Each structure stands twice: as C-alpha cells, then as structure tokens.
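Report on one structure; see the data block that follows.
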Amino acid sequence: MLYECAIIGGGPAGLSAALVLGRARRKTVVFDDDHARNRVTREAHGFLTRDGTKPSELRRLARKEIAEYPSVEFQNEKIVSIERLDRAHYELKTASGKVFRSVKILLANGLRDEQPNIPGIEHFYGTSLFSCPYCDGWELRDRPLAVIADKNVFKLAAEVYTWSRDVIVFTNGEGQLTAEERKKLNAKEIRIVDDIIARLEGENGQLQSIRLEDGTLIDRTGGFVSPLWSHPNHFADALGCERNQYGGILTDEYGRTTVWNVYAAGDVSHIVPSQLIIAAGTGSAAAIGMNGDLTNEFFDTI
Ligand SMILES: Cc1cc2nc3c(=O)[nH]c(=O)nc-3n(C[C@H](O)[C@H](O)[C@H](O)COP(=O)(O)OP(=O)(O)OC[C@H]3O[C@@H](n4cnc5c(N)ncnc54)[C@H](O)[C@@H]3O)c2cc1C
C-alpha cells in the first residue's frame with residue numbers, strides 16, 4: 001500500500017499532524033514506539049485546556065479524536081530505516097520487518113534526554129527533579145530547590161529564581177560558571193556549591209537532600225537539572241536534512257526540511273523552546289505544508 005504521508009512519532013507533533021491530515025482525507029500512517037520524552041512525568045502542564053493531564057492520557061485523547069478520520073492508520077512499530085526510492089517514494093522499514101511506502105515523510109520523533117551522571121538521579125527525575133521550569137516550576141514554587149547542571153547553569157538558575165527564592169546551584173565540580181555569573185548569583189543570595197555530589201537522597205521519587213562527597217548533607221526538596229539532548233535516531237542525517245543553529249532539523253514555517261518531501265515537526269526540529277503545545281502547533285503547520293504541497297503537485301500534473 002502506498003501512503004501519501006508517513007509520520008514517524010506519535011507524540012503531540014505527530015498526532016497533531018495526523019489530525020490535520022485525517023481531516024484533509026490524506027492516506028496517512030503514524031508510527032510510534034511509545035517512548036515519549038515526558039513519559040517519566042505524572043502530569044503535563046501548560047497545554048491549554050489540558051493543564052495537569054497525564055502524558056499518556058493526552059495521547060489517548062488525541063488518538064480517540066483521530067480515530068474519527070478513517071484515512072489515518074496507526075502502527076505501534078519502531079521505524080529503523082527510511083530510504084528514498086525515487087523523487088516521490090520513500091520506503092520505511094520497521095523493527096519487526098514490515099515495509100511501508102509513502103510519498104511524504106514527517107519526522108516527528110522527538111528528542112532524548114541524557115541526565116547528568118549523578119548516582120540516584122533516575123529515582124527523582126520526573127517526580128521532584130525536572131528539566132524545564134516552565135513545565136514544572138509552579139508545582140515546586142517556594143520550595144528549597146537545587147539547580148544541578150553542567151552547562152547553561154546560570155541561565156537555568158536565573159529562570160528557577162522566578163519560582164523560588166531558596167535556590168542552591170550545584171556545579172558538581174565542573175566550575176563552568178564565569179566570575180561575572182557567580183557575582184550575579186551571589187547578589188541574589190543564590191549559594192553555589194562546587195563540590196562533587198555523592199548521591200541524591202529521598203524516598204518514592206521525593207528528593208529530600210543532596211549528599212556531597214565529603215559527607216555534607218544539604219536539604220533540598222526539589223530541583224532542576226540541565227540534560228543533554230540527543231536525537232533518538234539518525235534519519236535526518238541519513239536523508240541529508242540540514243540542521244539549524246540548535247542542532248534541530250532546519251525547516252521553513254510549513255515544516256519543509258531541505259530535502260524534498262521530507263518534513264519535520266516538534267522537538268526534533270524546534271529544540272528550544274520545547275513544549276507540548278509548540279510541538280502540536282508545529283505538527284499542525286507541517287501537516288498543512290504536506291497537504292498544500294500534495295495539492296500543488298496534483299494540479300501541476302497535467
Ligand atoms: C521530564 C519532562 C517533562 C516535561 N514536561 C512538560 C510539560 O509539563 N509541559 C510541556 O509543555 N512540555 C513538557 N515537556 C516537553 C515535552 O515533553 C516535549 O516538548 C514534547 O513531548 C515534544 O513532542 P514531540 O511530539 O516532538 O516528541 P515526543 O513527545 O517525544 O514524541 C516523539 C514520539 O516519537 C516516537 N519515536 C521516536 N523514534 C521513533 C521511531 N524510530 N519509530 C517510531 N516511533 C518513534 C517516540 O516513541 C515518541 O512517542 C517535558 C519534557 C520532559 C523531558
């Protein structure tokens with residue numbers, strides 16, 4: 001079967017695109033292997049009308065809405081390769097060995113976060129330690145907070161200060177703050193701890209304290225870390241898509257990449273700021289780009 005649109009990723013970007021393409025009656029297939037970036041969190045925040053909804057519930061609701069449009073099909077499969085056959089055909093292979101063909105491809109496969117290498121961090125990330133103050137700052141407001149980062153630590157600490165005046169910055173021995181930044185943080189009474197963190201302590205995902213290598217225990221009941229981003233797969237590079245200044249896939253306002261018939265939306269292209277509603281918005285824009293291009297190509301063919 002030849003699809004008009006194949007969407008890799010069933011997060012807010014891919015699902016939003018699927019909704020628009022379904023309403024435009026385009027033969028569309030959505031692939032998803034259930035590894036959403038925010039799956040560790042209990043609640044997703046800031047998505048208008050769905051503030052505080054569980055990430056999996058948000059996806060369930062989206063899939064339910066899309067199910068009303070019969071031209072969209074879901075495949076709970078991981079795509080392992082995308083190959084260009086000719087100008088208007090791509091072949092996609094799944095991990096289970098299935099093969100699909102599509103005219104257009106939407107890369108909406110998100111980003112992967114890699115946490116700083118601190119013992120115990122995985123027990124707290126998504127419950128009392130987060131990466132984005134806009135997503136979870138409100139829930140941690142006025143608490144004694146830690147900012148643990150090995151890059152962009154000043155920016156993150158300054159942002160977190162919006163939600164709590166009791167902030168301690170842990171550079172974990174990296175010392176990447178400039179003298180000027182240290183001065184600015186000190187002026188706001190933000191303490192800076194440069195010692196190496198031995199481990200994070202607490203129960204049931206709730207951070208209680210941070211133990212340093214010399215045994216010192218510092219009480220903190222929540223905080224933010226600055227993860228490193230990586231792309232979960234390398235389709236964009238394999239297809240030859242150019243990257244933007246942040247390392248995301250370069251697109252125009254309709255999600256078109258620099259490669260013919262390949263589009264991108266969500267975190268995979270718009271790395272900053274990354275928000276559910278922005279991912280959904282760029283998915284919608286890319287779907288309009290895909291449908292518009294299919295329409296123009298149809299009328300150009302005499
Ligand atoms: C801990 C945490 C908490 C967050 N909290 C919030 C919040 O409260 N509010 C907010 O607005 N934003 C939040 N974010 C950011 C938000 O999660 C992202 O901006 C959003 O998920 C991006 O949507 P997306 O569709 O681009 O990618 P994703 O939601 O990551 O979806 C991508 C999908 O593609 C699939 N996929 C990847 N590769 C393949 C493949 N090869 N084959 C098939 N499927 C594939 C994945 O399984 C995944 O389901 C949070 C992020 C993190 C890390």
Side-chain angles (χ1 to χ4, degrees), residues 6-19 29-60 62-63 74-82 92-96 98 100 105-115 121-122 124-140 205 222-236 238 248-249 251 255 263-287:
I7 300 174
I8 299 63
L15 291 170
S16 177
L19 180 61
V29 56
V30 183
F31 299 94
D32 191 69
D33 68 350
D34 202 20
H35 272 75
R37 189 176 170 201
N38 63 342
R39 67 189 182 284
V40 292
T41 55
R42 292 177 186 166
E43 293 180 350
H45 300 112
F47 197 106
L48 203 63
T49 77
R50 290 285 180 264
D51 190 34
T53 306
K54 210 174 160 189
S56 57
E57 175 64 2
L58 208 59
R59 288 176 174 227
R60 190 192 67 78
R63 280 202 182 207
F74 282 94
Q75 292 284 338
N76 298 324
E77 297 266 358
K78 181 184 174 77
I79 292 295
V80 290
S81 72
I82 306 172
L92 303 94
K93 287 191 183 137
T94 70
S96 66
K98 291 185 194 158
F100 295 80
I105 303 284
L106 175 62
L107 298 174
N109 45 322
L111 283 181
R112 192 163 287 163
D113 295 303
E114 287 167 23
Q115 302 312 325
I121 199 164
E122 67 280 5
F124 305 102
Y125 188 63
T127 309
S128 53
L129 270 186
F130 301 94
S131 55
C132 159
Y134 291 95
C135 304
D136 300 288
W138 172 260
E139 283 62 38
L140 298 187
F224 290 88
V225 297
S226 173
L228 291 175
W229 298 309
S230 68
H231 290 272
N233 36 56
H234 303 286
F235 301 135
I249 303 171
T251 67
Y263 302 72
D267 285 359
V268 77
S269 52
H270 299 76
I271 293 187
V272 282
S274 67
Q275 290 279 278
L276 296 158
I277 204 155
I278 295 173
T282 58
S284 172

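Whatever order the structure lists ligands and atoms in, that order sets their numbers, starting from 1. Everything numeric in this text was worked out from a predicted model, so none of it was measured.
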* Nearest-0.5 Å distance that lies between atom OG1 in T53 and atom CZ in R42 -> 16.0 Å
* NZ-OG1 distance between K54 and T41, expressed to the nearest 0.5 angstrom -> 10.0 Å
* Asked: Got R63 and F74 here, is their nearest side-chain heavy-atom distance under 4.5 Å?
  -> yes
* Asked: Is any side-chain heavy atom of I82 less than 4.5 Å from a side-chain heavy atom of I8?
  -> yes
* Asked: Which heavy atom in G283 sits nearest to a heavy atom in S16, and how many Å separate them?
  ->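 G283 and S16 have their closest heavy atoms at C-OG, 4.2 Å.
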* To do: Might you list the protein residues in contact with ligand 1, defined as having a heavy atom under 4.0 Å from one of its atoms, sorted by chain and number?
  =>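 Within the 4.0 Å shell of ligand 1, which is judged on heavy atoms, sit I8, G9, G10, G11, P12, A13, F31, D32, D33, D34, H35, A36, R37, N38, V40, T41, A44, H45, R59, E77, K78, I79, A108, N109, G110, D113, Y125, C135, N233, F235, G266, D267, S274, Q275, L276, A279.
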* **Residues Y125 and S131: side-chain donor-acceptor under 3.5 angstrom** =>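 Yes, a side-chain donor-acceptor pair sits under 3.5 Å.
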